[in-house]
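To start, the structure itself, in C-alpha cells.
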Amino acid sequence: VLVKMGVTSRIEVLPNGIDTSHFKKDAQLAKDGREILSYSESEFIVMGVGQIQSRKGIQDFIKIARKCPDYKFVWVGSAPFKFLLYKGKELENQLKDLPSNMRFEKNFSYGQMTRVYNGADVFLFPSYQENAPMAVIEAAATGLPLLLRDIPEYKALYEKNYLSATTNEEFIKILKKL
C-alpha cells in the first residue's frame with residue numbers, strides 16, 4: 001500500500017511482538033485462570049478482550065451471549081474514554097442489562113493476563129475495525145481458538161489461521177461446533 005502511495009524510501013515491516021515465554025498454553029495457568037475468573041473446569045468460557053466501545057463489537061458479544069445461555073461469556077477491559085466510545089443509548093442500555101451468563105471484568109495486570117487467557121475455551125472478537133490488536137496475538141499464543149469477525153484487516157494479518165464469521169448467527173454456529 002505504501003509503495004502504491006508513492007513511498008520510495010526503505011519500508012520495513014515490524015510486526016507486533018509478544019513474549020511467548022509469558023503468553024503460552026499451560027495446564028496450570030488454565031487452572032489458575034479459571035480460579036481468577038471464578039469458573040469451574042466444566043464451564044465453556046467465551047472471552048473477549050479490549051476497550052468497551054462499539055467498534056469492538058461489544059453489542060454483538062452481548063447479543064451472542066444472550067443467545068447462548070449454556071456458555072459463560074466474559075469481556076476483559078474497560079471504557080477509559082467513555083465520552084468518546086459509547087455509541088448512543090443502545091450500548092449504554094445493553095451494558096445495564098447483561099444476560100446472566102455474561103460479565104465484564106476490569107483490566108487485569110499483565111502478569112495475570114496469561115492465566116486469564118488460558119482459563120478460557122475460545123477467544124471471540126467481533127470487532128468491526130482493527131489495526132493489529134495485541135489481544136488477538138496474545139490469545140493465539142495461549143492456544144485459544146480465534147473466532148474473529150470476517151474483516152479485511154484480519155485476512156491480511158492472519159491469513160487463514162482463525163475462524164471467521166460475519167453475522168451473530170454465524171458466530172453462534174461456530175461456538176456450538178467448538
Side-chain angles (χ1 to χ4, degrees), residues 13-52 55-58 60-65 67-78 101-178:
V13 175
L14 301 173
N16 283 345
I18 61 161
D19 182 354
T20 55
S21 68
H22 177 73
F23 288 99
K24 60 186 177 186
K25 185 175 184 168
D26 181 275
Q28 183 58 51
L29 293 175
K31 189 175 181 180
D32 295 347
R34 295 279 173 145
E35 203 170 293
I36 290 169
L37 294 169
S38 301
Y39 288 125
S40 72
E41 289 184 32
S42 64
E43 294 175 296
F44 187 80
I45 300 173
V46 180
M47 185 172 77
V49 175
Q51 292 181 353
I52 299 170
R55 83 171 172 86
K56 298 284 186 185
I58 295 290
D60 291 327
F61 193 87
I62 294 168
K63 289 173 185 174
I64 293 166
K67 290 183 178 182
C68 295
D70 294 336
Y71 311 146
K72 302 297 182 184
F73 288 75
V74 60
W75 187 276
V76 178
S78 61
N101 63 327
M102 185 188 164
R103 67 177 200 246
F104 283 97
E105 292 284 345
K106 293 192 177 175
N107 296 328
F108 290 99
S109 71
Y110 180 78
Q112 288 179 308
M113 280 308 294
T114 190
R115 290 171 175 79
V116 172
Y117 283 115
N118 269 278
D121 292 295
V122 62
F123 183 76
L124 170 61
F125 204 51
S127 187
Y128 285 91
Q129 183 278 321
E130 284 298 333
N131 294 317
M134 294 303 293
V136 174
I137 300 167
E138 292 166 351
T142 61
L144 285 175
L146 304 175
L147 179 49
L148 312 175
R149 185 169 306 280
D150 188 12
I151 58 175
E153 295 91 340
Y154 294 147
K155 288 177 186 172
L157 289 170
Y158 312 125
E159 296 177 359
K160 297 181 183 203
N161 297 308
Y162 62 96
L163 302 167
S164 67
T166 55
T167 66
N168 290 349
E169 290 72 26
E170 290 174 1
F171 281 117
I172 292 166
K173 185 177 179 180
I174 295 169
L175 283 174
K176 287 181 179 183
K177 284 182 180 179
L178 291 171

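Count residues from 1 along the sequence.
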Check against side chain to side chain contact (heavy atoms under 4.5 Å, CB included), L178 and F44: CA-CA 9 Å; L178 291 171; F44 187 80; 4.1 Å; yes

Side chain to side chain contact (heavy atoms under 4.5 Å, CB included) evaluation trace for F61 with M102: CA-CA 9 Å; F61 193 87; M102 185 188 164; 3.6 Å; yes

Verdict with supporting geometry, R103 and L37, side chain to side chain contact (heavy atoms under 4.5 Å, CB included): CA-CA 10 Å; R103 67 177 200 246; L37 294 169; 3.7 Å; yes

D121/R34 under salt bridge (charged side-chain N to carboxylate O under 4.0 Å, His left out): CA gap, chis, key distance, verdict: CA-CA 10 Å; D121 292 295; R34 295 279 173 145; 2.7 Å; yes

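N101 places a side-chain N or O within 3.5 Å of a backbone atom of A65 that can act as its donor or acceptor partner. The backbone N or O of L29 sits nowhere less than 3.5 Å from a side-chain atom of R115 that would complete a donor-acceptor pair.
More than 12 heavy atoms of other residues, nucleotides or ligands lie within 6.0 Å of CD in Q112, so this atom counts as buried by the packing criterion. Other residues, nucleotides and ligands contribute more than 12 heavy atoms inside 6.0 Å of the CD atom of Q28.
Taken to the nearest 0.5 Å, the OH atom of Y110 stands 6.5 Å off from the CD atom of E138. The distance from the CD1 atom of I172 to the NZ atom of K176 is 6.5 Å, given to the nearest 0.5 Å. Atom-to-atom distance recorded for K31:NZ and I36:CD1 is 13.5 Å, nearest 0.5 angstrom. Distance check: I52 CD1 to F104 CZ gives 4.5 Å after rounding to the nearest 0.5 Å. We find the CH2-CD1 distance between W75 and I62 to be 9.5 Å, quoted to the nearest 0.5 Å. Between L157 atom CG and I151 atom CD1 the span is 9.0 Å, to the nearest 0.5 Å.
Across all non-hydrogen atoms, the minimal contact from F23 to T114 is CA-OG1, 3.7 Å. For the residue pair L144 and M47, the shortest heavy atom distance occurs at CD1-CE, 4.4 Å. Counting all heavy atoms, side chain and backbone alike, I174 lies closest to S164 at CD1-O, 3.4 Å. A pairwise comparison of heavy atoms in K155 and Y162 identifies N-OH, 3.4 Å as the closest pair. When all heavy atoms of E130 and S127 are compared, the pair lying nearest together is OE2-OG, 2.7 Å. When every heavy atom of Q129 is checked against every heavy atom of R55, the shortest pair comes out as O-NH1, 2.6 Å.
Inter-residue side-chain proximity for V46 and L147 is flagged as unmet; no heavy-atom pair is nearer than 4.5 Å. Counting heavy atoms from C-beta outward, V136 and Y158 have side chains that approach closer than 4.5 Å. Under the 4.5 Å side-chain criterion, counting only non-hydrogen atoms from C-beta, F125 is not in contact with V49. Put simply, the side chain of F73 reaches to within 4.5 Å of the side chain of L175, judged on heavy atoms.
Here the options are N118, T142, V76, the test is side chain to side chain contact (heavy atoms under 4.5 Å, CB included), and the partner is M113; only V76 passes.
Annotation: cation-pi pair R149/Y154 absent, no NZ/CZ under 6.0 Å from the ring centroid and within 45° of its normal.
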